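Because the structure is predicted, anything quoted here is derived from the model rather than measured. Each ligand, and each atom within it, is numbered from 1 in the order the structure gives. Scope of the values below: all heavy atoms of this structure, side chains included, with no hydrogens, waters or symmetry mates.
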Amino acid sequence: MLGVLDAKPKVGYFYIGHSEPSQEYNLFKEMHVSQIMGVPLTVHQNDSVHDVIVQIFMEDTGGGFVLDQDGYLVGLVSRKDLLKASIGGGDLTKLPIGVIMTRFPNITTVLEEELVLEAAEKLVTRQVDSLPVVRPGKDGRLKVVGKFSKTIITRLFLEIKE
Ligand code: ADP
């Protein structure tokens, strides 16, 4: 699609070699996260696990970013975190999402001005499905301004093709 690889029966994929990068590839490699980021689902750290599961279903998304009372990023939850909490057997309407989330600073984030290629590399090396797009405040705390995910980058590939 990007003119970098080709495929042959019984050979598989191979690097095209010294051909000039395609126009599509040049477009792709200069794109910034802000150009394709999506709208994130954000929840409050005191929301119950039950309420977050309901919101994830309603928004048809794979997880949510967790904010503190001032609206700064403190954690995130994915499907697996919610499944783990669900098989724990407790009352999910009483369990705050802040207790089970993956918490800051163990969170991989991306800035709006970073390249899409750099963000994609983070997704792959950290083996996660999404990254919060953040804007640092003066005190180093992070505001969430978007979401970068495997779905978003897959959609971009299709748009470039079209
Ligand atoms: P799934 O739960 O569907 O496998 P992920 O692969 O994104 O989704 O998440 C796996 C684990 O990694 C979860 O515990 C989740 O909280 C954590 N995680 C997801 N995204 C990030 C991220 N950007 N930074 C740090 N940890 C993350």
### Task
Establish, from distance only, whether the side-chain atoms of Lys122 and Thr109 form a donor-acceptor pair under 3.5 Å.
no
#### Entry: Pairing residues for Thr108 by the side-chain hydrogen bond (donor to acceptor under 3.5 Å, both in side chains) criterion, not counting sequence neighbours
Arg126
For ligand 1, run through the N/O pairs with the protein that fall under 3.5 Å and put one pair on each line.
from	atom 1	to	atom 2	distance (Å)
ligand 1	2 (O)	Ser78	OG	2.5
ligand 1	2 (O)	Lys80	N	2.9
ligand 1	3 (O)	Asp129	OD2	3.4
ligand 1	4 (O)	Lys80	NZ	3.0
ligand 1	7 (O)	Asp129	N	2.9
ligand 1	8 (O)	Asp129	OD2	3.3
ligand 1	9 (O)	Ser78	OG	3.4
ligand 1	14 (O)	Asp81	OD1	2.7
ligand 1	16 (O)	Asp81	OD2	2.5
ligand 1	16 (O)	Thr102	OG1	2.6
ligand 1	23 (N)	Thr108	O	3.1
ligand 1	23 (N)	Ser130	O	3.0
ligand 1	24 (N)	Thr108	N	2.9

### Query
When Ile97 is tested against each of Leu76, Leu82, Asp81 for side chain to side chain contact (heavy atoms under 4.5 Å, CB included), which residue passes?
Leu82
### Task
Applying ring pair (Phe, Tyr, Trp, His ring centres under 6.0 Å), name anything that partners Phe28, two or more places apart in sequence or on another chain.
Phe157
### Query
Which atoms form the tightest heavy-atom contact between Phe148 and Ala119, and what is the distance?
CE2-CB, 3.5 Å
### Message
Can you list everything that forms a side-chain hydrogen bond (donor to acceptor under 3.5 Å, both in side chains) with Asp91? Sequence neighbours excluded, please.
### Response
Thr93, Lys94
